[in-house]
Amino acid sequence: MGAVGGSISNILMYNLPDDYYSNYINVVKNLSISDLTNAAKKVVFPDKLVWVIVGDKAKIEGPVKELGYEIKYIDGNGNVIE
């Protein structure tokens, strides 16, 4: 019931057509590379990306440092470790 309610809420909130979810799969399947590229240019900003790398620090720290990016270490709660 929650999923159905959420779908109806999205239709109302974003003023989508009543058949939005019925047509969604076909709309996505018919997207062109140009459509996807144009959408990505509006929402993906490579200079503002944040990479989160999880692993054994002893094994991955060296290779990651060699990439030349700023590295910040954080704990499980997202707090920066000094």
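No hydrogens, no waters, no symmetry mates; every other heavy atom, side chains included, goes into these values. No experiment lies behind these values; they were computed from the predicted model shown. One is the number of the first residue; the rest follow in order along the sequence.
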* To do: Quick one: pull up CG in Leu49 and CG in Asp47 and give me the separation to the nearest 0.5 Å.
  => 8.0 Å

* **Minimum heavy-atom distance between Ile60 and Pro63, given as atom pair plus value** => O-CD, 3.3 Å

* Joint hydrophobic cluster, Trp51 plus Tyr69, side-chain heavy atoms closer than 4.5 Å -> no

* Spacing of Leu16 atom CG and Ile8 atom CD1 [to the nearest 0.5 Å] -> 12.5 Å

* In terms of hydrophobic clusters joined by side-chain contacts under 4.5 Å, are Met13 and Tyr24 together? -> yes

* Asked: Under the 3.5 angstrom rule, does the side chain of Asn77 hit a backbone N or O of Asn79 as a donor-acceptor pair?
  -> no

* Interatomic distance, Ile71 atom CD1 to Ile53 atom CD1 [nearest 0.5 angstrom] -> 7.0 Å

* Nearest 0.5 Å please: distance from the CG atom of Asp18 over to the CG atom of Leu12. => 8.5 Å

* Answer yes or no: are there more than 12 heavy-atom neighbours, outside Leu67 itself, under 6.0 Å from its atom CG? => yes

* Above 12 or not: heavy atoms from other molecules or residues under 6.0 Å from CD1 of Ile33? -> no

* **Flag for Asn10-Ser7: side-chain donor and acceptor within less than 3.5 Å** => no

* To do: May I ask whether Tyr20 and Val28 are part of the same hydrophobic cluster, defined by side-chain heavy atoms of I, L, V, M, F, W, Y residues being less than 4.5 angstrom apart, directly or through others?
  => yes

